[in-house]
2 protein chains.
Amino acid sequence: MVASTLSEVARLAGVSPATASRVLNGSARTPGQDIAERVRAAAESLGYIPNAQAQGLAKSSSGLIGLIVHDIADPYFAAIARGVQEAAREQGRMVLLATTAGAPADEREAVAAFAARRADSIVIAGSRSARPEDGEGNTELAAELDRYCRNGGQVAVVGHAVVGASSTEGYHVVPVPNEDLAAELAAELAVSRDDDFVIIGGPAGLFTSDDRVRGFQRGLADAGLPPAEIVRTGFNRSGGFDAGVALAARIKASPEAGDTSGYAKRTCIFAVNDVMAIGAAAALRSEGLRIPRDATIAGFDDIETLRDFRPALSTVHLPLEEIGRQATRRAAGMIGEEAAPSTITGHVTLRRSTEGVLPSEGISRMLPTDS
Amino acid sequence: MVASTLSEVARLAGVSPATASRVLNGSARTPGQDIAERVRAAAESLGYIPNAQAQGLAKSSSGLIGLIVHDIADPYFAAIARGVQEAAREQGRMVLLATTAGAPADEREAVAAFAARRADSIVIAGSRSARPEDGEGNTELAAELDRYCRNGGQVAVVGHAVVGASSTEGYHVVPVPNEDLAAELAAELAVSRDDDFVIIGGPAGLFTSDDRVRGFQRGLADAGLPPAEIVRTGFNRSGGFDAGVALAARIKASPEAGDTSGYAKRTCIFAVNDVMAIGAAAALRSEGLRIPRDATIAGFDDIETLRDFRPALSTVHLPLEEIGRQATRRAAGMIGEEAAPSTITGHVTLRRSTEGVLPSEGISRMLPTDS
DNA sequence: CATCAGTGGGAATGCGCTTTCCCAACTCGC
DNA sequence: GCGAGTTGGGAAAGCGCATTCCCACTGATG
């Protein structure tokens, strides 16, 4: 990467590098009209492109925002990334991407790499975890973040704080009301239902999953229902599929006929995110079960690409893009912490996948499906 | 962003900055054991993180890969981005993201920004366009890329070369066999069918769309069928939806009864990408039409998140992740141009959305659906 | 014992830019 | 018309690091 330099431009324009610098970048001092014109012409003719590395070095700031996600191809993260990207653009910065599959060790490495590049701020979108095997990794990640913040860096993390992070200056958390929303979802599903509730959760210790599980159980309890059974599996589509296969076997093994109350009890499945729900639905289908006839299912996130899924998936809408945007703005100091402590809200969106369909149940709410 | 510097480490270790630099980064010369240990200890205790900007400036290379996509939340680009990210990791580089919505002016700007950051290579994933309104923008983009290449940069573009780019040193294209695969799809769909074929295409001038349209028509022609009508719309889900609404009206307006041949002619819709197909399918459904009973539909890309869509979407599988990987490797000079001119292959994947279902047609191939 | 290649460390230069400081020329007011 | 204030440009000192060159010292060789 060779390219013409500022001094070359300056020489061609017959001015000093200082002057060239002043006209080519918005300095406080603006040289005279004629000189400015000469310099600009020289720059143009030389195809001058400022060296951002050198600029960064001189100004000690890079115009970079580091973004950490588990997997950029996961629609959840992709949506957040879009928001981050958008906010970055507003700020005139560029985003530096790192994918870590949720491994704290990789995340630590990514933070170090961002720090090395002197990123102005870091946004961590990946769900936090408190799993025992992540303990050491989390500690090191927290230490790395701490160091980054001490050096003046800004960190925003989505959902939960990193385990062990002492909230120093420059450390922000964008809270996501996972628990409350899950409770709300449970409440809505519990209305005039007495289905068997089952939760397909991610690995224990994954905060996002745990919050949603806890919230759902709370909602059930508030409705006077017993806690749902929890099936733990991978936090992705294939995890949902596996769980779905297992559940399908059980649903088929306990036919309605066995029910003493005289009418069918359906299984209502709550998968802690949409892609898991889709996986589970696919599994049920492949086992010959129909939704919502033989079982109902709900997810979480309201992934855009899944909106046209059939049967339309009941879920909890989360403003993912806004979450990304807000995290990015917060890390840039554009949102006062105290001014707006938490502005992320979602809402339960019931669609066909949890509709009541059994005549014997005596209830059949027709819920609107969008578009 | 302040942080401890190399000289601080050197001073603490009681050596010169030169020596510290040699031990802390894989230099050709390796200082003695004891000294190295002292330096490493000093660095550790100071929490030293090398300043990548300064390193880049000194070595004139940045370890950065620029990635240009239309929209990172679009699953097509997200999948490619995953491949790019993966390959970047292999190379020990980081990826810098830019989204442009396909506007050449924005793309030019992104290239300039990457050049300013002295990115080692640039991967352009967005589909190229030859629309008249993009003419000027394309010229400027080509010029910018040219300059970047002349300065030693490496560019890889997915699909088609940028319009007007003179293929200088360091300019690579990863060809995607859109046309051939579309022809193949048409051929498969044309087998023992005499449906009315309709193509939902993107804006004229968008290469990816045009290639697929052209290929599909060729496949139809090769099968002895007349060319399909083309409906042009936006290259995204909502475009597909709009087109679907229009088509639904027509399908409903021309009932089977009107057919002189005595049996029903279905409309077979080819949408030039999966999300458009999904949009169209949603529109048909909302108009009360069923797929594949009242119309069949096929897409292109085989987006992972859409695999569980119902009815399962016939499409053309493209190894998106591999495309991203390969583009990135090529730009890094890891793949000889001549050695492997084109290794991207896809395959037609027929699923339920194009199944024959009308008894009157006398044909009802049961095609396997995956999972 | 003197010379020489070889080794291991440091001084110094430069990567491309920003920014402070400095100085010449100029404008203004009395 | 002259000093004070102002303007506009340049010189130079870094920003943090890699790297070339140089030097002192070692052990081997004739």
Side-chain angles (χ1 to χ4, degrees), chain A residues 1-40 42-43 46-64 115-120 151-152, chain B residues 1-40 42-43 46-64 112-113 115-120 151-152:
Chain A
M1 290 295 322
V2 295
S4 49
T5 72
L6 186 62
S7 1
E8 286 174 28
V9 173
R11 197 176 323 133
L12 180 61
V15 300
S16 78
T19 305
S21 170
R22 287 196 261 259
V23 21
L24 258 20
N25 312 297
S27 166
R29 289 179 47 178
T30 316
Q33 280 291 358
D34 47 344
I35 292 225
E37 211 39 66
R38 266 213 329 268
V39 171
R40 250 185 284 276
L46 249 45
Y48 170 72
I49 293 186
N51 186 326
Q53 306 215 71
Q55 289 188 148
L57 184 56
K59 295 196 292 200
S60 67
S61 98
S62 63
L64 255 27
R117 300 231 134 77
R118 298 301 185 263
D120 299 333
N151 288 340
Chain B
M1 289 298 320
V2 293
S4 50
T5 72
L6 187 62
S7 3
E8 286 175 29
V9 173
R11 197 176 323 134
L12 181 61
V15 300
S16 77
T19 304
S21 168
R22 288 196 261 258
V23 21
L24 257 21
N25 311 299
S27 166
R29 289 179 48 178
T30 317
Q33 279 291 0
D34 47 345
I35 292 223
E37 210 40 64
R38 265 212 330 268
V39 171
R40 250 183 285 275
L46 249 44
Y48 170 71
I49 292 186
N51 185 326
Q53 306 214 74
Q55 289 188 152
L57 185 55
K59 294 195 292 198
S60 67
S61 96
S62 62
L64 254 27
R117 299 228 133 78
R118 298 301 185 262
D120 298 333
N151 287 342

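Letters A, B, ... are given to chains in the order of the sequence lines, protein chains preceding strands, and every chain is numbered from 1.
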Closest of C:dG16, C:dG10, D:dA11 to the A:Ala58 side chain is C:dG16

Within the pair [X] and [N], is there a side-chain N or O less than 4.0 Å away from OP1 or OP2?
| X | N | answer |
| --- | --- | --- |
| B:Ser21 | D:dA18 | yes |
| A:Thr19 | D:dG9 | no |
| B:Thr5 | D:dG16 | no |

Take the protein atom [atom1] of [X] and the nucleotide atom [atom2] of [N], then report the distance between them rounded to whole Å.
| X | N | atom1 | atom2 | value |
| --- | --- | --- | --- | --- |
| B:Gln53 | C:dT18 | CD | P | 12 Å |
| B:Leu6 | D:dT19 | CG | P | 12 Å |
| A:Glu8 | C:dC15 | CD | C1' | 13 Å |
| A:Leu57 | D:dG16 | CG | C1' | 5 Å |
| A:Arg118 | D:dC17 | CZ | C1' | 11 Å |
| B:Asn25 | D:dG16 | CG | P | 16 Å |
| A:Asn151 | D:dG16 | CG | P | 11 Å |
| B:Gln55 | D:dC15 | CD | C1' | 14 Å |

Closest-nucleotide ordering on DNA chain D, the 5'-leading residue of A:Val15 and A:Ala54 =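 Between the two, 5'-proximity favours A:Val15.
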
Closest nucleotide of DNA chain D for A:Ala20 versus for B:Ser7: which of these residues is on the 5' side?
->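 The residue closer to the strand's 5' end, by nearest nucleotide, is A:Ala20.
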
Atom pairs, protein N/O to nucleotides 21-27 of chain C N/O, distance under 3.5 Å:
{"from": "C:dC21", "atom 1": "N4", "to": "A:Arg29", "atom 2": "NH1", "distance (Å)": "3.4"}

Check side chain to side chain contact (heavy atoms under 4.5 Å, CB included) between [X] and all other residues, then give those that pass, not counting sequence neighbours.
| X | result |
| --- | --- |
| A:Leu57 | B:Asn51, B:Ala54, B:Leu57 |
| A:Ala36 | A:Val23, A:Arg40 |
| A:Ala18 | A:Ser16, A:Arg22 |

Calculate, to the nearest 0.5 Å, the distance between atoms CD and CG belonging to B:Gln55 and B:Leu24 respectively.
-> 9.0 Å

B:Arg117 side, atom CZ; A:Leu64 side, atom CG - distance, nearest 0.5 Å |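 Result: 5.0 Å between the selected atoms.
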
Using atom types as modelled, flag every donor-acceptor pair under 3.5 Å from a side chain in residues 6-15 of chain B to any protein atom, sequence neighbours excluded.
{"from": "B:Ser7", "atom 1": "OG", "to": "B:Thr5", "atom 2": "OG1", "distance (Å)": "3.4"}

Quick one: bend of the helix from C:dC1-D:dG30 to C:dC30-D:dG1 from 5 pairs per end, to 10°?
->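 The helix from C:dC1-D:dG30 to C:dC30-D:dG1 shows an end-to-end axis angle of 60°.
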
Ranking B:Ala18 and A:Pro17 by the position along DNA chain C of their nearest nucleotide, the one closer to 5' is B:Ala18

Where do A:Arg118 and A:Ser62 come nearest, in terms of heavy atoms and distance?
->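 Where A:Arg118 meets A:Ser62 most closely, the heavy atoms are O-OG, 2.6 Å.
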
Kindly give the heavy-atom pair with the smallest separation between B:Asp120 and B:Gly63, and that separation in Å.
-> OD2-N, 2.9 Å

